[in-house]
Amino acid sequence: MVVLAKGELEQIALPAVHKTAPPLANMPEVDLAVAGSGSDGRAAAGRAVAAACEEHGFFKVTGHRVPAELLARVENAAAAFFALSQRDKEAAMSAATPGSPFGYASKRIGNNGDLGWVEYLLLGVTASTGGPLSVPEGVVPSASLCSFRDLLNEYTVAVRRMTCQVLELMAEGLRMEDRDAFTRLVLHKESDSMLRVNHYPPRPELKLLQQQHGGGGRVTGFGEHTDPQIISVLRSNATSGLEIALRDGAWVSVPPDQTSFFVNVGDALQVLTNGRFRSVRHRVMVNSVRPRVSVIFFGGPAPRETLAPLRQLVGEGGRSRYREFTWREYKASAYRTKLAANRLGHFETT
Ligand code: GA4
């Protein structure tokens, strides 16, 4: 259970001006089964992926072949973890390296005072191709949690494999000569990838809060932000809450679909594509009746990797919109910012 200190709810509650967001019309979608069914299907899927990344920086993935049974096991194990006592969950946290973001936490997001109605597990995963992943050992104190860790490893292997299919389609959709340019970054043995398991407990009193706020009061689970990495691949249970910002700044809600994945373009991919793909601003709102559980794989480059717009995407005589920087540099800068900040501004060329 998440317990709030006095005054914290006011910070998490959105001001009354935030109306309920309408659902995203015409959900961009790619069916990986079609993409895998021959060169025409593949080319069409590549084009659809690129169009979605340009317009929204966001799309749904179906036909992914990650077994439904694995998704269900992860969801149940996550629910069981978050049902543990606060002490047990915090014990899982204490094993994480002090000062690192990894482990269990509740309400506090990042290091700069952001709060959300959420508790979560944040785990680093290494990227040895196809092999076992290392969700940090100490993070799981008991035998039952060890099996949770093994399960998250199994999930990460499957989702990373699917992520690479999506990254290849992106490269195809961009007509890149080097189709592996993005996958190579995520499969690098030092790739800085992460897994996040979020639990947004319901707030039954939200209804009352809504009345008090004149119908518009809502509670933020995870405040608006863009993801720093190359790609984020999210799967949630059937509870709503995810919202994305469209190009014109309007917020729309994403109808949940527990059988599918949702892909976000991250800041690093916006840079690599010289701004052609859009790092999508998104947030999660709390449901009044049902808990939301989501699991997100963040595919990131190795700390030493140099990022800059790919030459082919800048074009002959074209202007590079971002200066070159290392992923280590970007992350250090990102962790000094508030969640809602425009983190790429600092790296734009003038
Ligand atoms: C957003 C995406 C991932 O969840 C995350 C987040 C990280 C954190 O929760 O510690 C950050 C946030 C995320 C963006 C800016 C910084 C870092 C909190 C924050 C204020 C794990 C990530 O990599 O960046």
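Remember, predicted model here, so these are calculated numbers, not experimental data. Computation of the quantities below employed the complete heavy-atom set of this structure, encompassing side-chain atoms and omitting hydrogens, waters and symmetry-equivalent molecules. In listed order, ligands and their atoms are each counted from 1.
By the 4.0 Å heavy-atom criterion, Asn112 is excluded from the residues contacting ligand 1.
Looking at Phe222, Phe298, Tyr120, Tyr335, it is Tyr335 that brings a heavy atom closest to atom 10 (O) of ligand 1.
Counting atoms of ligand 1 from 1 in the listed order, those under 4.0 Å from a heavy atom of Leu339 are 12 (C), 20 (C). The atoms of ligand 1 that sit less than 4.0 Å from any heavy atom of Arg343 are 14 (C), 15 (C). Interface atoms of ligand 1 facing Thr337, defined by a heavy-atom separation under 4.0 Å, are 20 (C). Near His225, the atoms of ligand 1 lying under 4.0 angstrom from a non-hydrogen atom of the residue are 1 (C).
Under 4.0 angstrom from ligand 1, the non-hydrogen atoms of Gln229 all belong to its side chain. The part of Ala334 lying near ligand 1 is the backbone, judged by heavy-atom distances below 4.0 Å.
The aromatic rings of Phe82 and His199 sit parallel to each other, their planes meeting at less than 30°, with 60° as the upper class boundary. Taking the six-membered ring for Trp and thresholds of 30 and 60 degrees, Phe261 and Tyr155 have ring planes inclined between 30 and 60 degrees apart.
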Working for side chain to side chain donor-acceptor pair (under 3.5 Å), residues Ser232 and Asp227: CA-CA 7 Å; Ser232 318; Asp227 292 340; 2.6 Å; yes
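A salt bridge does not link Glu168 to Arg179: none of the charged nitrogens lies less than 4.0 Å from a carboxylate oxygen.
Polar contact check, Arg196 against ligand 1: a nitrogen or oxygen pair lies under 3.5 Å apart.
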For residues 44-57, dump all side-chain donor-acceptor pairs below 3.5 Å to protein atoms at least two apart in sequence or in another chain.
unit_1 : atom_1 : unit_2 : atom_2 : d
Glu54  : OE2    : Arg276 : NE     : 2.9
Glu54  : OE2    : Arg276 : NH2    : 3.1

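Arg319 and Thr349 share a side-chain donor-acceptor pair at under 3.5 Å.
For the salt bridge (charged side-chain N to carboxylate O under 4.0 Å, His left out) condition, the pairs that include at least one residue of residues 295-315, sequence neighbours left out, are Glu190-Arg304.
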